[in-house]
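Only this structure's heavy atoms are used, side chains among them; waters, hydrogens and symmetry mates stay out. Every chain is numbered from 1 and lettered A, B, ... according to where its sequence line falls, protein lines coming before strand lines. Being a predicted model, the structure only gives us computed values, none of them experimental.
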Amino acid sequence: MSAATMSRQPGFANSSIGRALRSSWGARVTSYFAFVVAWQIVGASFFRVPTPWETLDFIWREVSGGDHGGVRPGQFWEHFSATVPRFAIGISVAFVIGVVVGLLIGSFSFVRALLSDVLLVFLALPAIIWAFLTVMWFGLGWEAPVYTVILSAAPFVAVNVAQGVRAVSPELRRMSDAFGVPRNRRIRSMLLPAITGYLFTGLRFAVIIGWNAVLLAEWFGAVDGVGWRARLWYDAARYKGFVGWAIIFIVFIFLLDGLVLSPLQRRAFRWRASPSSDLKAEVGAVDTESFTNTAIGL
Amino acid sequence: MGWAAFFGIWAFVSAVILDEFTLPGPLKVWNEILEIVRGGSWADDFLISISKTFMGFMIALIVGVPVGYMMGRAGYWKAFFHDGVVGAGSIPGIVYAIIALVIFGIGFQGPILAVGLISMPFIALNVAEGLEGVDRDLLSMSTAFGRSDRQALRHILIPSIMPFAFAGVRLSFAIAWKVEALTEVFGSSNGVGFQIRFAFQGFSIAGVLAWTLMFIALLLLIERGLAIVERWLFRWRTWEQAA
Amino acid sequence: MATLQIEKLTKTFPPHSKDGRPVRAIQDISFAMSGQVFVSLVGPSGCGKSTLLNIVSGVDSPSTGTVTVTQDGKKARLGYVFQDSRLLPWRTVMQNMLYVSDLPEEEGRANASKYLEMVGLGHAHDMYPGQLSGGMQQRVGIARAFSVSPDLLLMDEPFSHLDAITARSLREELQVMWNATKKTVLFVTHDVMEAVQLSNRIITLAHGGTVFDDTTIELPFPRKASDPEFAAQQAEILGRFETMELERTAAKG
Ligand SMILES: Nc1ncnc2c1ncn2[C@@H]1O[C@H](COP(=O)(O)OP(=O)(O)OP(=O)(O)O)[C@@H](O)[C@H]1O
Ligand SMILES: [Mg+2]
């Protein structure tokens, strides 16, 4: 920007800093700043709530294996590497089961009539119930977390896949009938492209819901893992540890969602001209509808 | 047929694949429910949980509607709240329970806060969406006939936003109800979540299932009820779509 | 009866695209009208007719120049019939009528009923706009505009979205209503026949928002399109349109 324009518009509001602050990047930065300030205020006024700085300090010690005031060293990686395989296995199995059931429900109206209410109950079941049941079934160990992830996440994959199958338009189906298109080509060219988007949406739900599920199950029914570790700090009434882990949980899911799942989903939807409204396009990473669906499953 | 299938599958799994102890059958759980109902205090627990959910919702509305309004009105506020509102939807429910627990400890405020935190973004997002869709032509009609801003707010803006806000409420109800119970599981001395936790600690699988079933039944009932109210409130919409 | 005074009015919109030029919708228009007249504003699409009405109604503001609408020296009441009906979809027909009314509840209802009756919708008080056909919605729009007893009535191509038969019957209804009330009306249309049939005076706008022509029509009402004098008037106005187009192409070189 030239000096001439600057001198013509004096005052802070028109300076380049003022303008940067009012831009949408400025708004975002301001919002993060406001969040930290709000946290600081809450931290200062409730004695149990740690301040952002204390929390950050804790996370650093935990991750770097540093010292937590003499008693326990940080053990982030140890527990993280226990949880991730449970999470990954659970999600994979849930995905496979969900796809199979979803295809069945979507393809045969008889199966749909049979299973739709079962599915409804599964969708409405909070993950904590599965955590309790699996803990009572399997005791403490790796089983409860894995099964909790499977049982909580699979219904959401199934629902989405079923929707995808049913979204293949009857006209396209009739067209294929009219041309006598063979079965495997039909699946490859008609069914798969139509359900890819739904598959990815289902996967993202599975991940978000499964993450919550694994944490809950480890909290109540494991002897290691990140959920167990968070509980340890809670039981010891060391709240900064507890909040520090909550932050780690959030960061993990944001990274997974933002760096892996959303880009994948956007690739899957490439062929679609996006007809969505401004806000929905803005929301982008999580469009409103799937956002709302996720909610039901937490 | 759907419900018959549900109970049929349940009975089959319980009797044939697993055993009555691992997965009590529908009959056993039904007896457990009767037991709970006879005990009498169940109504209190549900009432407590529902009123906490309701209060949390009120907070979510009081905060979420203005936030959504700002997001729908100004690009700056849209950018300001965007990350928070969207991010809040993928935060695990356990985190909300933790936050509530840390701030309030074991008290009735915890679940209220958790419900408020988790449903607020949905309401805000829906209100913002509704506001962006407000028909500008109707607003200019209002100006041409010399109506005041207050009249336009009451007769144009609010009716346009209402269906969206209501959808936000209905859709976030399920999650609110779940998070409320979850927070009670973590720290509370009453409510449905507390009872589930109590059954868990007494190692009563039938007890957990019985409370869960009641919990789900209420969730589905309220959800259906809200859907009916929604259809009635916004009946002009169906005709608009048909036209 | 109101007086409308437009002096040296221009309206410029900001450019549509980032490096485009500002859009000049109206350039230096002046005219006045008052009393029991029905004035039609005709002109090609995009010449600024709707913009002019929006400025007169206060929905939009002038870039330069002045627009005054007075009624015996006071601010005049306006009625507006839009190209689309612009009814509140979440309110019934009666509630839509009451929305623009300043009368006390009871009186307002009676008044609204009267005008709904006039457009043949006495039975539709409690229906929602979505339950009405396009023509019926437009009738409600007309009843709404008349019901506020406007000093000046603005109408922006009120029949252009309707089929020819419905448009014709509504046009006849409008004429009856106008004869009964003798409002000051500013009526926008691009249909020359419609203008000749309804108005005392026709103002033609040219591309770029300037006044091209201003004619008075002195045929007696009711006018029939089969009347040779009617046909002559219409032909004359259409002839001017042609001149306008010729001049425009000539000016372009
Ligand atoms: N809100 C606006 N912003 C920018 N440009 C506008 C706006 N409204 C109108 N214009 C422009 O002003 C010009 C005149 O538009 P206007 O709607 O008044 O035309 P019109 O004579 O009513 O046409 P029609 O017969 O098609 O209704 C057009 O070039 C249009 O693009
Ligand atoms: Mg126009």
Side-chain angles (χ1 to χ4, degrees), chain B residues 65 68-69 72-75 126-170 226-243, chain C residues 50-51 53-61 69 75-93 95-102 124 126-137 140-141 143-156 158 186:
Chain B
V65 170
Y69 187 82
R73 263 347 230 327
N126 271 284
V127 168
E129 203 188 334
L131 205 58
E132 296 213 330
V134 169
D135 189 346
R136 271 157 226 282
D137 286 346
L138 287 181
L139 293 176
S140 59
M141 180 278 285
S142 194
T143 318
F145 281 97
R147 302 296 91 185
S148 67
D149 283 356
R150 260 197 52 213
Q151 283 172 305
L153 183 73
R154 176 159 158 228
H155 294 278
I156 299 177
L157 285 178
I158 291 178
S160 328
I161 299 171
M162 276 309 282
F164 289 88
F166 200 89
V169 166
R170 185 162 74 82
L226 284 175
I228 290 170
V229 172
E230 188 177 18
R231 222 172 308 135
W232 183 80
L233 271 179
F234 308 120
R235 56 199 180 285
W236 56 267
R237 288 189 113 196
T238 45
W239 290 314
E240 193 184 37
Q241 277 148 20
Chain C
S50 298
T51 308
L53 282 205
N54 282 338
I55 294 174
V56 171
S57 69
V59 170
D60 226 332
S61 54
V69 191
K75 204 167 172 297
R77 282 187 65 92
L78 300 179
Y80 203 146
V81 182
F82 301 88
Q83 208 159 342
D84 46 359
S85 59
R86 294 202 193 172
L87 302 173
L88 307 177
W90 39 81
R91 296 280 189 261
T92 61
V93 167
Q95 289 167 335
N96 264 286
M97 297 289 286
L98 293 179
Y99 179 58
V100 299
S101 158
D102 285 329
D126 297 324
M127 288 166 91
Y128 286 92
Q131 295 172 291
L132 304 176
S133 73
M136 290 159 93
Q137 293 181 14
V140 179
R144 175 175 65 184
F146 273 93
S147 76
V148 298
S149 311
D151 305 314
L152 174 65
L153 181 58
L154 305 169
M155 304 179 94
D156 189 356
L186 183 56

Please identify, among C/V59, C/V100, C/L154, the residue contributing the most non-hydrogen atom pairs under 4.5 Å to chain B. C/V100
Check: B/H155 main-chain N/O paired with C/W90 side-chain donor or acceptor under 3.5 Å: yes
Could you look at C/S85 and say if it's the side chain, the backbone, both or neither that has a heavy atom under 4.5 Å from chain B? neither
Proximity breakdown for C/D60 and chain B, heavy-atom pairs closer than 4.5 Å: neither
With a cut-off of 6.0 Å (strictly less than), are more than 12 heavy atoms of other residues, nucleotides or ligands near CG of B/D135? yes
Any side-chain donor-acceptor pair under 3.5 Å between C/Y99 and B/S142? yes
Quick one: closest heavy-atom pair of [X] and [Y], and the distance?
X      : Y      : result
B/L138 : C/L87  : CD2-O, 3.6 Å
B/P159 : C/R91  : CG-NH2, 3.9 Å
C/G58  : B/T143 : O-CG2, 4.0 Å

Counting heavy-atom pairs closer than 4.5 Å to chain C, which one of B/G146, B/S160, B/P163 comes out on top? B/S160
Evaluate the side-chain proximity of C/R144 to B/F145: yes if any heavy-atom separation is below 4.5 Å, no if none is. yes
Please test C/L88 against B/M141 for side-chain contact (heavy atoms from CB on, under 4.5 Å), starting from the C-alpha separation and ending with a verdict. CA-CA 10 Å; C/L88 307 177; B/M141 180 278 285; 4.0 Å; yes
